[in-house]
Amino acid sequence: MTPAKAPMDTAAPSKLKRLLGADARQKLLAFASLLALIAIFGALKPDAFLTEENVVGILQATSVNGVLAVACTFVIITAGIDLSVGVLMTFCSVMAGVFMVNWGLPMAVGVPGAIAVGALMGCASGLTITKLRVPPFIATLGLMMLLKGLSLIITGTRPIYFSDIEGFDAIALGTLIPGLPNGVLVFALVAGVSAIVLNKTLLGRYTFALGSNEEAVRLSGVNVDRWKIIVYAYSGAVCGIAGLMMASRLNSAQPALGQGYELDAIAAVVIGGTSLAGGVGTILGTVIGAFIMSVLVNGLRILSVAQEWQMVLTGLIIILAVYTDNLRRKRQH
C-alpha cells in the first residue's frame, strides 16, 4: 500500500496573509526591496552604513516621516489625498510653542493641546471636502498654504525655543531603552495603535469601505460625510504627534519647516502598497515604505550621490510604485 500523504500545513501561509493584509505579495515585495537596499549599501560602505550610529540615525529619521506616513495612510485608503500633513506638523509644533513657551502652560496641557489642534485642522479639511464639495487635492492644498502663512504670522517668522521647558526634548531624544531614542518608540506606538484602529474598529472598517465604494456605503444608510471627517481628524491628530516629535528633536518650533514632508510621506504610503485608488492598504506596508525611503536617502548620502540625483532616483521609485499598483488593479479587474 502506498502511504497516505500528510495533509499540507496551510496555517503558516494563512497567518502570514492575515498579518500582511489582503495584498501580501506587495508587502513581501516591499520588504524584499528594503532588505536588498540594506544589503547593497552595507556591501558598498560597510564601515559607514552598518555602524550603530548610522542605524540609530536611520531609525530617528524614519520616526517623524513614518508618523506622517501613517497619517496619510488613512486618507489615501479612502481614495483621498492630504497635501497639508507636512505644514500641519509644523503648525502643531508652533502651537505647542505658543501653549508652553508663550502662555506658560504645563506640558500636560501643551502636548495634548497640540494634538487637539492637529485633529481640529484635520476636521476642517474633512468639512471642506464633505460640506463644501471641494476636491481633497484642492482643499488640502488650500489648508497647506493657510497654515504655512499662520505659522509665520504667529511666530513673527522667528523660531520658538523650548529650552526652558523641562523634559520636552525627552519626547524624541530621551532613551527609555538604552541606545534607542524615544522618537522611535513613539513611532512604533503610533503605528501599532493605528494598525489596531484600521483593522479592528468601526473607523477602520468605514475607511476601507469609503475607498472601495463610497456610493454603496452611502446607499446602505451610513453617514459618509461624518466618517470622512473623522478619518481626516484622526489623520490630523497623528500629524500633531509628528509635530511634537519634530519640535522635541530640534528643541524648537521652526515656522518655515514642513513643506515637502508630505511628498516623502505619500511616497512611503504608495511604496508600501496602499493604492491611490483607495480601498487597499496596511500600516505595516507604510512602515516598510517609510524605512525604504530613509534607507535609500541615507545610503545615497553615504555614497556621496548629489542631492539632485537623490531626488531623481526617489521620483523614479515613486513612479514605479504607482505603475505597479495600476498593473495590480488591472489584473484584479
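- Across all their heavy atoms, C72 and V269 have their closest contact at CB-CG2, 3.8 Å.
- Hydrophobic clustering, with ILVMFWY side chains joined whenever heavy atoms are under 4.5 angstrom apart, keeps Y323 apart from L29.
- With contacts defined as side-chain heavy-atom distances shorter than 4.5 Å, the pair L68/M89 qualifies.
- Looking at heavy atoms from C-beta onward, V75 lies in side-chain contact with D82 at the 4.5 angstrom threshold.
- Side-chain contact between K45 and L50: absent, with no pair of heavy atoms (C-beta onward) separated by less than 4.5 Å.
- Within a 6.0 Å radius of CD in E53, no more than 12 heavy atoms belonging to other residues, nucleotides or ligands are found.
- Annotation: side chain of V222 is in contact with side chain of Y206 (closest heavy-atom distance under 4.5 Å).
- Between F162 and F168, the ring-plane angle classifies as parallel under the 30° and 60° cut-offs.
- Residues V134 and A139 come closest through the heavy atom pair CG1-N, 3.6 Å.
- Between I288 and L284, the closest side-chain pair of non-hydrogen atoms falls below 4.5 Å.
- Criterion: ILVMFWY side-chain heavy atoms under 4.5 Å apart, direct or through other members. Under it, I319 and L263 are not part of a common hydrophobic cluster.
- The shortest non-hydrogen separation linking C239 to A71 is SG-CB, 3.9 Å.
- Considering only heavy atoms from C-beta on, D225 stays 4.5 Å or farther from K228 through its side chain.
- Cluster membership for L127 and L147, using ILVMFWY side-chain heavy atoms within less than 4.5 angstrom, is not shared.
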Apply side-chain contact (heavy atoms from CB on, under 4.5 Å) to Q254 and T155, showing your working. CA-CA 9 Å; Q254 301 286 339; T155 61; over 6 Å; no
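- Taking the side chain as every heavy atom from C-beta outward, F208 and L198 approach each other to under 4.5 Å.
- Side chains of S84 and T140: a donor-acceptor N/O pair is absent below 3.5 angstrom, by distance only.
- Side-chain heavy atoms closer than 4.5 Å link hydrophobic residues (I, L, V, M, F, W, Y) into clusters, and following such links, possibly through other members, connects I266 to I138.
- Across all their heavy atoms, I76 and S275 have their closest contact at CG2-O, 3.5 Å.
- The number of heavy atoms from other shown groups lying within 6.0 Å of CZ (R218) is above 12.
- The main-chain N or O of I153 is never found under 3.5 Å from a side-chain atom of T157 such that the two would form a donor-acceptor pair.
- Heavy-atom minimum distance, I229 versus C123: CG2-SG, 3.6 Å.
- When the side chains of ILVMFWY residues are joined at heavy-atom separations under 4.5 Å, either directly or via intervening members, V297 and F41 end up in two distinct hydrophobic clusters.
- Nearest approach of D47 to T51, heavy atoms of both residues: O-CG2, 3.0 Å.
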As a quick check of understanding, evaluate side-chain contact (heavy atoms from CB on, under 4.5 Å) for L300 and L313, giving each step before the final call. CA-CA 10 Å; L300 292 174; L313 286 171; 3.8 Å; yes
Start with the C-alpha distance between T282 and T274, add both sets of side-chain angles, then the distance that settles side-chain contact (heavy atoms from CB on, under 4.5 Å), and finish with yes or no. CA-CA 7 Å; T282 63; T274 297; 5.9 Å; no
Using side chain to side chain donor-acceptor pair (under 3.5 Å), reason through T286 and T73 one step at a time and then give a plain yes or no. CA-CA 7 Å; T286 294; T73 303; 2.7 Å; yes
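- Other residues, nucleotides and ligands contribute at most 12 non-hydrogen atoms within 6.0 Å of the CD atom of E52.
- In this structure, L59 and F291 have side chains that are in contact, with non-hydrogen atoms separated by less than 4.5 Å.
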Would you give me the side-chain donor-acceptor pairs under 3.5 Å for residues 185-197, sequence neighbours excluded?
| residue | atom | partner | partner atom | Å |
| --- | --- | --- | --- | --- |
| S194 | OG | V190 | O | 2.8 |
| S194 | OG | Y234 | OH | 2.9 |

